[in-house]
Each structure stands twice: as C-alpha cells, then as structure tokens.
2 protein chains.
Amino acid sequence: MAVTLADVAARARVSAATVSRVLSGNYPVAESTRTRVLRAVDELEYVVNGPASALAAATSDLVGVLVNDIADPFFGIMAGAVQAEMGAPAGEPGRGAEKLAVICNTGGSPERELNYLTLLQRQRAAAVVLTGGAVEHPDHAAAVATKASRLAASGTRVVLCGRPPIADATTLTFDNRGGARRLTEHLLTLGHRRIGYVAGPAERTTTRHRLEGHRAALSAAKVNSLDTDMERLTVHGLYDRASGYDATLELLRRDRGLTAIVAANDTIALGVCAALRDQGLRIPEDVSVAGFDDLPFSADAVPALTTMRLPLHEAGARAGRLALGREPQPPGGVAMVRAELMARASTAPPRG
Amino acid sequence: MAVTLADVAARARVSAATVSRVLSGNYPVAESTRTRVLRAVDELEYVVNGPASALAAATSDLVGVLVNDIADPFFGIMAGAVQAEMGAPAGEPGRGAEKLAVICNTGGSPERELNYLTLLQRQRAAAVVLTGGAVEHPDHAAAVATKASRLAASGTRVVLCGRPPIADATTLTFDNRGGARRLTEHLLTLGHRRIGYVAGPAERTTTRHRLEGHRAALSAAKVNSLDTDMERLTVHGLYDRASGYDATLELLRRDRGLTAIVAANDTIALGVCAALRDQGLRIPEDVSVAGFDDLPFSADAVPALTTMRLPLHEAGARAGRLALGREPQPPGGVAMVRAELMARASTAPPRG
DNA sequence: CTGTTAGCGCGTTCAA
DNA sequence: TTGAACGCGCTAACAG
C-alpha cells in the first residue's frame, strides 16, 4: 500500500539497511550512495513508518504534555512553550531529530490524567511533562507517583512543571506559597485589614499553597484591627471567572466591609471585578483586587490588575528542554520558579 | 525489559492471540479464560505496546489537531472540544476504543504546519483536524492540499474546522464573511459612517473573509456621508492585543473623526479599547468598538464587547466526531457554521 | 472458542 | 562502506 524502506532501497539499488542508515544519519555512508538514496526517497515521497520505527528502535518521538484545561491561557502558554522547544527544525521532513509534542487535556480529572499517562506509556513516549497543580487525593497521588516511576523505569523522562516534586521526576515548582504571601503583604502594607480570599478547588496543590501563603502573611502581621477570621473570609470555587463572580457576592454577604479581595488567579480576579462593579463598588477606591499568574489580559483589565507574575513561557520552555535532556538537571532534580509582584492600578490604600 | 503479550499469555496459560483478542474485545472469548487473562494483565501490570500494535494493525490511535496558537483561547476551546470527543472512557486502561488526540501548535507557520502533517503521516494517525484560518500562499495551499490527499489516501481522515474546504477533507467552515458583514451592518444601522477596521495578518483566509464581509456591508450601504475610503480606514496587524493597540493609534492618526472601530477578532478589540482609553476617548460614547469570536472574556470586558459569536466548542466537538467517523458527513462534505451577533455595551449610536 | 503461523516495516547486529 | 538476517511485539488469517 504505502511506500516502504524496501521500495526506496530497490529504486536506489542498495539494501534496506543502507537506506535506514542514510535516513537516521548516525552512521557513515558513502556520499554517492547517500545522494542516490535521498533522491529515491524524494521521488517516491517516502515517509518513515513511525510505529515500525518505534518498534524496532524501542523508542518513539512522542512527548506528552498534560494540562488541566487547554482553553485556559495559563496552560496554553506553558504547553505552547514546551512544544516550541521540540522544534521540528525547518529541514526537510523525513529527517531525524524532531519530536512530536502532544498536548493532552485532562480537564482536571484524575482519571483522565491516569488514562493519558497509560496511553503515553503505551506509545512508549520519549518524555512526559505534567503541568499545573496536582489533585491531592492520597490515592490519586500514589497512583500518579507509581505511573511516573514506571514510566521513568521504562526510559520515559518525566518532568513536572508547576506542581510539587515526586520521585523519579525532574521538577519545576512554582513558588505559589511565597508569591501569595508577598501579594497579601503588599495589601497589608497598603493598610488593608479586612481582606477576602477567593480560593480555587479545595483538593489542588496550587490552591492550597496559595491559600497557605495568604494566611501566613495574615498570621505574621500582628497589626491592630486585623481581621483574622480566615475561614469566614475565604470562599472556594473553580479556577474560572464565574466562580470569582459568585464568590465575591458571597464574600460581600458575609462582610460588606471588606476593603480588598485576593483571588487565587487572574481569571477568578476578573470575575471578582465584574461582581464588584455590578454591586456598585469601585476598584480600587472601594475595594482593591489582586490576582495571580499575570496572564496577558491582566495588564489590560480596567483597572490594570495587580498580580503575581509567573514566567509561564520560560518555565514551559525549560520543562521542554529538560524533557529532551537538552538541559542539565537542577540540583536535587528540583528547581523553584519565583513569582514577581506586579503592583498595578487595582490595588490602593483603603479609604478612610 | 518490559512485560509483553507473551508474558501475559504464559501466565494465563493461553496463546498470545487469545490475549490479544481479550484486550481488543472485538472477538468472542470464553468468560473463564477472559477473566484469567485480565487477571494476568493486572498482576503483570501489562501495558500494550502501541507501536507494535499500530504496526501489526496498520493503524494507530493517534488523532492530530493542528492549531495556529494554542495560547489563544480561540484555538484552546476548539482543541479542547475535539479532544473531549476522543473520550478515553472511564474504563480500565488497556481497553480498546480511546484515541489519543494530540494538539500540535504551528504558530501560524506554514513550514511547521507541513512538518506536523508529515509527522502525523509518519505516525499513521487515524485522523487529522486542521483548525483556524489557512495561510494563502499558493505554494503552501498546494502543498497542504497534496499532503491532505496523501493522508486521505492512506486512510487518515482529514477534517477542517474554520477554514475553506479542500479536496479529500470534510470541512466545517465558519461564516466569517457573512458574520463580518452583519456586524458592520449593525454599526451602520446605529448610524456610524466613518468606521475604522483593524484586520489580521494579510495572508490568512480568516482575515480576508472578515475584511471582505466588512467591505461588502459598506459597499452595499448607499447612505449619504458614508466614508468609503476603505484602504485608508483599514490597518493590518497580528491577531493579538498589541496589534490592536498600535493599529488604533494609527487609525486615529489617519482620521481622528472615526466613530467606530471594528476589530478582526476579540483579542485585537481588547487592544483597541485600551488604546482608545489611553487617548482619552470613551467607549461607546466617543467611539464604538466591535470584535469577532465572542471569547469568554468578551462578555466581561468593560464595557462588554459587541461581537459575533462563533460556537467554537460545538464546532470543535463536531469536528472531533467527524474525525472519528461517529457523525455522518455533511452534504457535499462541507458544512457552514454561522456566527451570531452579540450586541452589547461597546457599541452605541454615534453622538451628534 | 482457541492455538499456530505469518508477516507488519524497520533497526541492528554480524560478516563480507 | 555495504548487505543479509534476525527480531522488536503485536494482529490477522487459517486451522482445528
């Protein structure tokens, strides 16, 4: 049916082995036969059979990238950066080095995450990059750790980007706790004492770390009149705008006197802003708002959103290089990516 | 090294073929042996070797999804929807039907698009979904058409989602022209006569069709005082916010008296709004603004953005089903997806 | 219902 | 520098 190595070999009047050597490039071949083979490849429009090649070589050129929600730019940016590193170089197709980065959308579901890992294991993927926060169910965490070990054992490199380290995987953690703490400190410094918090889904590492950082800042600030009723001033939701909107209404119901609201990420923050506006509250005059991530739209929001910038593109690119083994492991296999405060117009001192 | 079918067969005291039959499920097997095999699979933690399976069966379970920019929700939404259709059902791994949808980010580059198509052809992908506007270079268009035919010929289903039809591919086109026309008509009806247009990159089908629709509306409106100097009132840029910002400054330089600006998509429209605000112009009092796509953030913008809604999720899902052959072909292999006007707060009658 | 027998297309020995 | 031969792990006939 399709053109095979043997066809090319016949046309070039060499053996299949020689064609294979020419194409993989890692073996000396006479220049004359080399050009002859390449011409035959061209004329026949030969395309390597990936599965056959993977079977014989016991490795494939697939690299899996798992994301929680591909429609969310937070993941889109990282995934795009990983994929860009795989760089199918502009060279003619049929050559060697390009890897195929495949982005897999788990939707945040533990089952689908495991399913994809199995699928990738089945494909004998060269590497797997897990991005974003992990789900914290003990069973699931154990299952993922087991799968990761098994992948690593079978030669698949495992890289984590934006989640806590596990055995057998190189990890790029995000400093969610420290970043969240500095963000809330910023608000405290401005003079805020009653600060609401809109958290993400409860069972996610990212959610927990950011919330912990926030609370650490509050606990550390032994200032007068600080409202430390943290439970009452915290509402959980999803990492989306609608949750931010609803949570804000709930927060205002619980305490109309809030002077600031911190959101677990920028997308939620957008919903917070919308809700505040609908309630007739001005930002930042009546209520300050802060987010996390610094997604592209955050600088454009009105008012521009104060947030913690995470270098998502750089982190994704680095994860990609680690997955390819193009970059040395960080010491201990773990590196922390810092967050940077972007103080913008959505936060200001409380009035009065 | 790894556990193979033969190992499982030995442990279950059956032949390899029987194990294969149990796992693929499409063949009658006695219940007793069936459970025995599954137990062995479980005990040995056997995972099918994808490449070997693909080689023997001459098909793989990969489905490629090509996008121009995965960090852009326009593509993220479609890609996520396609992938959701592949649904790795919650069943145990090792089963049959799940396909692995792999999202490939071309960055809008023709070379990378072709490269990915080759890579997918090499993998003997079950299907390929091409999303978003196509690049219009004749050479490139021909190259893509050729690749598509070749893929189709080798049994890979090719589906287009959001671009013009080509031979051998099932197509879901977006009604960019009609949508753009209705949008500009909306502005004309409100009374606008001097309307700026911020277009996308010149060589893209989406760009051209939306611009044509806009101009068709202007040409058809034989109203007095309509400024029909279309060239002067059109600025091209990329599909991003920065381009919208810059283009707006340029448009204002060319004609300070514009009462409305139409952007080729919502992301650009955001930049337009930012630039107008920075110029001290109010929306919609001084200048109306309209976008295209109706991405999630558009309803939240301040003011809420008037735009044409494209059912991206539905379209992606349908493309996914077509790719799997789960949905009948539309008549002629081509179906058009309509755009719907979402008239919101960013457009109003011009003053005076 | 199950086992046996051939390949699928390629990489990689080992000789020449 | 090149060719011949074998096997990667699995599926798909064909028998039984």
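Hydrogens, waters and symmetry mates are skipped; everything else that's a heavy atom, side chains included, is used. In this text, all values refer to a predicted model and were calculated from it rather than measured experimentally.
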S.K.: Whole Å only: how far is the OH atom of Tyr46(A) from the C1' atom of dG9(C)?
M.R.: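 For the pair Tyr46(A) OH and dG9(C) C1', the rounded distance is 7 Å.
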S.K.: Are Thr170(B) and Gln329(B) close enough that a side-chain donor and a side-chain acceptor fall under 3.5 Å?
M.R.: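 On atom types as modelled, these side chains qualify, holding a pair under 3.5 Å.
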S.K.: Can you figure out which of dG9(C), dC10(D), dG3(D) approaches the side chain of Thr4(B) most closely?
M.R.: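 Nearest nucleotide to the side chain: dC10(D).
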S.K.: Regarding His140(A) and Glu111(A), do their side chains bring together a donor and an acceptor under 3.5 Å, going by distance alone?
M.R.: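 On atom types as modelled, these side chains do not qualify, holding no pair under 3.5 Å.
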S.K.: So which one's nearest nucleotide on DNA chain D is more toward 5', Ala52(B) or Val29(A)?
M.R.: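 This one resolves to Val29(A).
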S.K.: So, is Thr33(B) near the phosphate of dT2(C), with a side-chain N or O under 4.0 Å from OP1 or OP2?
M.R.: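 Looking at the OP1 and OP2 atoms of dT2(C), one of them is under 4.0 Å from a side-chain N or O of Thr33(B).
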S.K.: Quick one: which of dT11(D), dT2(C), dG11(C) gets closest to the side chain of Ala57(B)?
M.R.: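 For the Ala57(B) side chain, the nearest candidate turns out to be dT11(D).
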S.K.: Nearest whole Å is fine: how far is dC10(C) C1' from Gln123(B) CD?
M.R.: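 In whole Å, dC10(C) C1' and Gln123(B) CD are 14 Å from each other.
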S.K.: Taking CZ from Arg36(A) and P from dT1(D), how many angstroms apart are they, rounded to a whole number?
M.R.: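 From Arg36(A) CZ to dT1(D) P: 15 Å.
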S.K.: Does OP1 or OP2 of dG3(C) have a side-chain N or O of Thr18(B) closer than 4.0 Å?
M.R.: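 The answer is yes; a side-chain N or O of Thr18(B) sits under 4.0 Å from OP1 or OP2.
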S.K.: Do any N or O atoms from the side chain of Arg163(A) and from the backbone of Gly132(A) form a donor-acceptor pair under 3.5 angstrom?
M.R.: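 Present.
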S.K.: In whole angstrom, what separates Asp7(A)'s CG from dC10(C)'s C1'?
M.R.: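 To the nearest whole Å, that distance equals 13 Å.
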S.K.: Are the side chain of Thr106(B) and the backbone N or O of Val67(B) linked by a donor-acceptor pair below 3.5 Å?
M.R.: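 Answer holds: yes.
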S.K.: Taking only the side-chain heavy atoms of Leu5(A) (C-beta and beyond), determine which of dA4(D), dC10(C), dG9(D) contains the nearest atom.
M.R.: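 When the side chain of Leu5(A) is considered, dC10(C) is the closest of dA4(D), dC10(C), dG9(D).
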S.K.: Roughly how many Å is it from CZ in Arg124(B) to P in dC8(C), rounded to a whole number?
M.R.: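 From Arg124(B) CZ to dC8(C) P: 14 Å.
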S.K.: Give a yes/no on whether any side-chain N or O of Ser20(B) is located under 4.0 angstrom from OP1 or OP2 of dT11(D).
M.R.: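 Checking dT11(D) against Ser20(B), a side-chain N or O does come within under 4.0 Å of OP1 or OP2.
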S.K.: If each of Asn49(B) and Tyr27(B) is mapped to the nucleotide of DNA chain D with the nearest heavy atom, which maps nearer the 5' terminus, i.e. the 5' end?
M.R.: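 Closer to the 5' end of DNA chain D: Asn49(B).
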S.K.: On DNA chain C, does the nearest nucleotide to Ala17(B) precede the nearest nucleotide to Ala56(B) from the 5' side, or the other way round? Give the residue.
M.R.: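 On the 5' side of the pair lies Ala17(B).
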S.K.: Tell me whether Glu136(A) is salt-bridged to Arg204(A), with the criterion being a basic N under 4.0 Å from an acidic carboxylate O.
M.R.: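 No, this pair does not count.
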S.K.: Can you tell me the distance, in whole Å, between the CG atom of Asp61(A) and the P atom of dC10(C)?
M.R.: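 After rounding, the reported distance stands at 14 Å.
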S.K.: Under the criterion salt bridge (Lys or Arg N to Asp or Glu O under 4.0 Å), I'd like the reasoning laid out for Arg318(A) against Glu314(A): C-alpha separation, chi angles, the key distance, then a yes or no.
M.R.: CA-CA 6 Å; Arg318(A) 190 169 172 200; Glu314(A) 294 83 337; over 6 Å; no
S.K.: Is there a donor N/O on one and an acceptor N/O on the other, under 3.5 Å, for the side chain of Arg21(B) and the base of dG3(C)?
M.R.: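 Present.
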S.K.: Nearest to the side chain of Leu55(A), heavy atoms from C-beta on, is which of dT2(C), dG9(C), dC10(C)?
M.R.: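 When the side chain of Leu55(A) is considered, dG9(C) is the closest of dT2(C), dG9(C), dC10(C).
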S.K.: Among the nucleotides dC10(D), dT13(C), dC10(C), which one has an atom lying closest to any side-chain atom of Val48(A)?
M.R.: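 Ranking dC10(D), dT13(C), dC10(C) by closest atom to the Val48(A) side chain puts dC10(C) first.
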S.K.: Choose from dC10(C), dG3(C), dG9(D) the nucleotide whose nearest atom is closest to any side-chain atom of Val14(B).
M.R.: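 The listed nucleotide nearest to Val14(B)'s side chain is dG3(C).
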S.K.: Distance alone, cut at 3.5 Å: any donor-acceptor contact between the side chains of Thr18(B) and Ser15(B)?
M.R.: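 Judged by distance alone, the side chains do pair up.
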S.K.: How bent is the helix from dC1(C)-dG16(D) to dA16(C)-dT1(D), comparing axes over its five end pairs at each side, to the nearest 10°?
M.R.: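 Helix axis angle between the two ends: 30°.
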S.K.: To the nearest 0.5 angstrom, please state how far the CG atom of Leu23(B) sits from the OG atom of Ser53(B).
M.R.: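 Answer for the CG-OG pair, Leu23(B) versus Ser53(B), is 10.0 Å.
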S.K.: I want to check one thing: is the phosphate of dT11(D), taken as OP1 and OP2, less than 4.0 Å away from some side-chain N or O of Ser53(B)?
M.R.: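 For dT11(D), OP1 or OP2 has a side-chain N or O of Ser53(B) closer than 4.0 Å.
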